Protein chains: 2
Amino acid sequence: MDVSDKYSLRGRVFNEIREGILSGKYKEHEELKENTLGQELGVSRTPVREALRQLELEGLVKIIPNKGAYVVGLTERDIKDIYAARSVLEGLCARWAAQYITPEQKKELSENVELSEFYATRGNFAQVCELDTRFHEILYQASGSRIMEHMLLNFHHYVERVRLMSLATEGRAAHSNEEHRKILQAIEEKKPQLAEELAHQHVMNTIQNIDNYGLKNLLDASGSTEE
Amino acid sequence: MDVSDKYSLRGRVFNEIREGILSGKYKEHEELKENTLGQELGVSRTPVREALRQLELEGLVKIIPNKGAYVVGLTERDIKDIYAARSVLEGLCARWAAQYITPEQKKELSENVELSEFYATRGNFAQVCELDTRFHEILYQASGSRIMEHMLLNFHHYVERVRLMSLATEGRAAHSNEEHRKILQAIEEKKPQLAEELAHQHVMNTIQNIDNYGLKNLLDASGSTEE
DNA sequence: TGTGAATATTTTATATAGAGAATAAAATGT
DNA sequence: ACATTTTATTCTCTATATAAAATATTCACA
């Protein structure tokens, strides 16, 4: 996550509002009033204000001076663009990971792939999702680039709902696991070029999968499960 | 810029601290105390706090809860990574610009290239720099992707000092202008693939130029001119 | 009934105050 | 003299108060 003091009031407020926007609890163009949010979350306006200012910077909230804060949220176009950006950036990230990964990270990545394959055969998709998230996070760290890590972590979290829904579609988890294994192998064999291509293709395949099912369908399905 | 109320106290405070970090006024690991900054800028601690929280999200400041805010700044590695990321993202952006650019944007881009060539022959590099900045900004807008625009605007600003120093090196302005013209042409002829390759190459050439002169030399030179 | 000025209400923006955490300094005991 | 506990100080964190801006409401008047 981005905010260091996750467990302070402000950190909690930030995360709650952010989740509220990403999950659709706070809807597009909705006004986020400091007082209301504060009461809702049981805090004063100060931490709410700070959280809103941060969310503005992330682009999830638009602040009109002396007027108010409004939910911006992510459009379909935004999500597609994020995937497009990820397709090239995850490639670059995997390239660097192949060059800079530490033995510990290599070990965790390898175990991650093993475990995910195990859970997939057992049909435990919740675990597969979590491991998928972690797989990519390890790559981000292994790139040794805080810029890359920062950027991709954000994106990853932005599209979390879509990502998990895509992974839950018929057969995608197994394919994803295969792709993870190939990426792992390229990294273990220190083949940056190959790792880049595979990671790029991995994201492109996800995009393809999302297109097949339709982004709207996936989002609606995930939205309804939460209510 | 990112903050909507550029001219409010908080907006001003945010920009001043940000510029202070990017320009090197506030040095790596330096502690940014709310009181001190507030007095320096003639405001109370509240707007300072909000600005610091935002800078944390941007990665320019590290906040340790209940302890303090510390300058993180950009390392050489960070700058190189930003350029690497830009090399692929500006490519993608140019591709989209070729697809979605409006006639007005096309016109401004064309005039921008003309003007820049004019100023370059006259040796007016300050103008060339400004036009270079604007050239890229137009492309970001023309991509029609607020995600892309947001990301690249940030990066662009992060490396502004390096970018301008690179543009000031022998012969680079002229080459840059040539590359701009080719990108413009690809966009006018609606060739997304070509536009992507050219924009990618444009950033790669800048990286090459920076490497030739040495990032440190460029940064030192720009730092000394400010003091 | 409709329009516009004047007033009231709501909400943001900034400053300040009090509580709590972390660090530095002083005092105490061995 | 050194280690440890206690005290003091500094600074953050949250809440609240005041000011200013924006919006909504009321009322007068045509």
Side-chain angles (χ1 to χ4, degrees), chain A residues 1-21 25-73, chain B residues 1-21 25-73:
Chain A
M1 200 63 46
D2 295 300
V3 176
S4 55
D5 52 345
K6 243 184 278 196
Y7 305 108
S8 74
L9 279 194
R10 187 185 57 82
R12 198 172 53 78
V13 170
F14 175 85
N15 285 321
E16 294 223 16
I17 301 178
R18 181 175 154 131
E19 287 314 311
I21 294 174
K25 180 183 164 194
Y26 301 122
K27 303 205 180 356
E28 191 80 18
H29 302 123
E30 185 175 337
E31 185 167 4
L32 297 172
K33 288 180 190 163
E34 297 173 0
N35 258 321
T36 314
L37 280 174
Q39 285 166 2
E40 234 173 87
L41 300 168
V43 297
S44 83
R45 288 174 45 217
T46 308
V48 174
R49 271 185 69 81
E50 292 179 2
L52 287 176
R53 291 301 171 289
Q54 293 190 300
L55 289 164
E56 180 197 21
L57 214 65
E58 282 215 327
L60 290 177
V61 156
K62 172 157 184 63
I63 289 176
I64 301 177
N66 291 318
K67 190 151 183 293
Y70 302 86
V71 176
V72 173
Chain B
M1 200 65 46
D2 295 298
V3 176
S4 55
D5 53 344
K6 243 184 276 196
Y7 305 108
S8 74
L9 279 194
R10 188 186 56 83
R12 198 170 54 77
V13 170
F14 175 86
N15 285 321
E16 294 222 15
I17 301 178
R18 180 176 154 131
E19 287 313 312
I21 294 174
K25 178 182 166 195
Y26 301 122
K27 302 206 182 354
E28 193 81 17
H29 301 124
E30 184 175 338
E31 185 168 5
L32 297 172
K33 289 178 191 164
E34 296 173 359
N35 257 322
T36 315
L37 280 175
Q39 285 166 1
E40 233 173 88
L41 301 168
V43 296
S44 85
R45 287 174 45 220
T46 307
V48 173
R49 272 185 68 80
E50 293 179 2
L52 287 176
R53 292 302 170 288
Q54 294 191 299
L55 289 164
E56 180 198 23
L57 213 68
E58 283 215 325
L60 290 177
V61 156
K62 173 159 183 62
I63 290 176
I64 301 176
N66 292 318
K67 192 153 183 291
Y70 302 86
V71 176
V72 173

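Quick note on labels: first sequence line is chain A, next is B, and so on, each numbered from 1. Quantities reported herein were computed from a predicted structural model and do not represent experimental measurements. Computed over heavy atoms, backbone and side chain alike; hydrogens, waters and symmetry mates excluded.
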For the pair B:E56 and B:K62, find out whether any cationic side-chain nitrogen is under 4.0 Å from an anionic carboxylate oxygen.
no
One thing to verify: whether B:K25 and B:E19 come together as a salt bridge, which I'm taking to mean a side-chain N less than 4.0 angstrom from a carboxylate O.
no
Reading DNA chain D from 5' onward, which residue's closest nucleotide shows up sooner: B:E31 or A:P47?
B:E31
Within the structure, does a side-chain N or O atom of [X] lie under 4.0 Å from either OP1 or OP2 of [N]?
X	N	answer
B:R49	D:dC13	yes
B:T46	C:dT14	no
A:K33	C:dT11	yes
A:K67	D:dT23	yes

Once you round it to whole Å, what is the distance between [atom2] of [N] and [atom1] of [X]?
X	N	atom1	atom2	value
B:R45	C:dT16	CZ	P	11 Å
B:I64	D:dT10	CD1	P	21 Å
B:E34	C:dA17	CD	C1'	14 Å
A:E50	D:dC13	CD	P	8 Å
A:L32	C:dT11	CG	C1'	14 Å
A:E30	C:dT11	CD	P	14 Å
A:Y70	C:dT12	OH	C1'	11 Å
B:I63	D:dC11	CD1	P	16 Å

From C:dG18, C:dA13, C:dT14, nucleotide with atom closest to B:S44 side chain
C:dT14
Closest to the B:N66 side chain: D:dA22, D:dT12, D:dA15?
D:dT12
Passing candidate, side-chain contact (heavy atoms from CB on, under 4.5 Å) with B:Y70, options B:V61, B:I64, B:L32
B:I64
Once you round to the nearest 0.5 Å, how far does CG of B:L60 lie from CD of B:Q54?
11.5 Å
Base C:dA13 to side chain A:R53, donor-acceptor N/O within 3.5 Å cut-off
no
Taking the side chain as every heavy atom from C-beta outward, state whether A:V43 and A:R12 have any atom pair closer than 4.5 Å.
yes
